[in-house]
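Accompanying notes for the structure given below.
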Amino acid sequence: MNTHATSPEIQALLTTLDGQRRHVLGILDGLDDAALRRPVLPSGWSCLGLVQHLALDVERFWFRAVLTGDRDVIAALDETDDAWQVAADAPPAEILDRYRTEIDRATATVTALPADAPLAWWPQHLFGDPHLHTVRDVLLHVITETACHAGHLDAARELVDGRRWLTLT
């Protein structure tokens, strides 16, 4: 049971993050399965691959592994090859639903903790000494990363069919 009242600061940060999350999903609205899978850059990433990256490497990683120390998630990190690559038989709706599920889990995690709660686990093997230390730090990091990727999706959408987020024309 959550006995911690979410602070106005955390609520403001979550509201900002939720806006970026809505942007990620909104810019993809109306794309068919082929367009979601279409490689948009020479590196081969697709819109669907970016959403899978956000679900697994951002929402799941930072909130469930780093903030809570969830051992199952940490163990699964070693088994995850490349979240940017989506299996050919993976239904796009499944990837989008995974992102929404991880968002819900992340929000529940954040609202259960005070802003200055320390991290439960740090991936020193990936990032060296900790440069994030609290729930607040992780939220700010994820806002930045999600906003950056929302911008990538803006460019990808325009390349795919000419539509733009602000006007969706």
Side-chain angles (χ1 to χ4, degrees), residues 1-29 36 45-87 90-154 156 165:
M1 174 153 96
N2 179 8
T3 57
H4 170 74
T6 304
S7 72
E9 174 193 20
I10 292 298
Q11 212 40 61
L13 291 171
L14 278 173
T15 297
T16 300
L17 179 55
D18 284 341
Q20 294 305 316
R21 291 163 166 167
R22 282 190 310 276
H23 186 143
V24 165
L25 293 168
I27 193 64
L28 300 178
D29 190 43
L36 286 167
W45 75 258
S46 67
C47 294
L48 199 58
L50 193 147
V51 172
Q52 182 166 271
H53 162 72
L54 284 168
L56 301 178
D57 296 339
V58 179
E59 298 283 344
R60 181 184 72 168
F61 177 82
W62 289 107
F63 295 114
R64 291 177 53 208
V66 173
L67 284 187
T68 70
D70 183 316
R71 293 290 163 206
D72 291 335
V73 172
I74 293 168
L77 295 175
D78 293 332
E79 299 167 14
T80 305
D81 292 338
D82 183 2
W84 289 83
Q85 300 302 313
V86 177
E94 183 179 295
I95 306 299
L96 295 168
D97 287 345
R98 180 181 299 139
Y99 182 51
R100 289 182 187 100
T101 298
E102 290 299 337
I103 287 170
D104 291 343
R105 289 175 174 163
T107 299
T109 295
V110 169
T111 58
L113 298 168
D116 58 354
L119 309 180
W121 175 75
W122 181 255
Q124 184 135 9
H125 65 289
L126 295 173
F127 302 120
D129 290 336
H131 60 276
L132 304 175
H133 304 282
T134 65
V135 170
R136 176 187 301 106
D137 295 342
V138 169
L139 269 170
L140 288 168
H141 174 81
V142 172
I143 289 167
T144 302
E145 186 165 357
T146 305
C148 179
H149 288 318
H152 294 143
L153 288 170
D154 283 337
W165 171 247

Note, [X] side chain near [Y] side chain (heavy atom, < 4.5 Å):
X: Trp122; Y: His133; value: no
X: Thr101; Y: Glu59; value: no
X: Arg105; Y: Asp70; value: no
X: Cys47; Y: Leu153; value: yes
X: Arg21; Y: Leu54; value: no

ask   = When you measure from the side chain of Gln52 to the backbone N and O of Ala83, does any donor-acceptor pair fall under 3.5 Å?
value =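 Yes, the answer is positive, given that a donor and an acceptor are paired below the 3.5 Å cut-off.
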
task = Please answer whether the main-chain N or O of Ile143 pairs with a side-chain N or O of Thr146 as donor and acceptor at a distance below 3.5 Å.
result =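 Such a contact is absent between Thr146 side chain and Ile143 backbone.
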
message = Using every non-hydrogen atom in the two residues, find where Ala147 and Gln20 come nearest and quote the distance to one decimal.
response =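 Shortest heavy-atom separation between Ala147 and Gln20 comes out as CA-OE1, 3.3 Å.
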
query = Quick one: do Arg98 and Glu102 make a salt bridge, cutoff under 4.0 Å?
reply =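 No, this pair does not count.
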
request  = Take Leu139 and Val135 through the side chain to side chain contact (heavy atoms under 4.5 Å, CB included) test and state the conclusion after the steps.
outcome  = CA-CA 6 Å; Leu139 269 170; Val135 170; 4.3 Å; yes

key: Mutual orientation of the aromatic rings belonging to Phe127 and Trp62 [parallel < 30°, tilted 30-60°, perpendicular > 60°]   =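 If you compare the ring of Phe127 with that of Trp62, the planes turn out parallel.
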
Contacts of His149 that satisfy ring-ring contact (aromatic ring centres under 6.0 Å, His included) - sequence neighbours left out =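 His53, Trp84, His152.
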
query = Does the side chain to side chain contact (heavy atoms under 4.5 Å, CB included) test come out yes or no for Phe63 and Thr107, once each step is laid out?
reply = CA-CA 9 Å; Phe63 295 114; Thr107 299; over 6 Å; no

inquiry  = Show me the pairs that pass salt bridge (Lys or Arg N to Asp or Glu O under 4.0 Å) and involve residues 127-142, at least two apart or across chains.
reply    =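 Listed by first then second residue: Glu9-Arg136.
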
query = Does Thr109 have any side chain to side chain contact (heavy atoms under 4.5 Å, CB included) partners at least two apart in sequence or in another chain, and if so, which?
reply =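 For Thr109, the residues satisfying side chain to side chain contact (heavy atoms under 4.5 Å, CB included) (neighbours in sequence not counted) are Leu67, Thr68, Leu113.
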
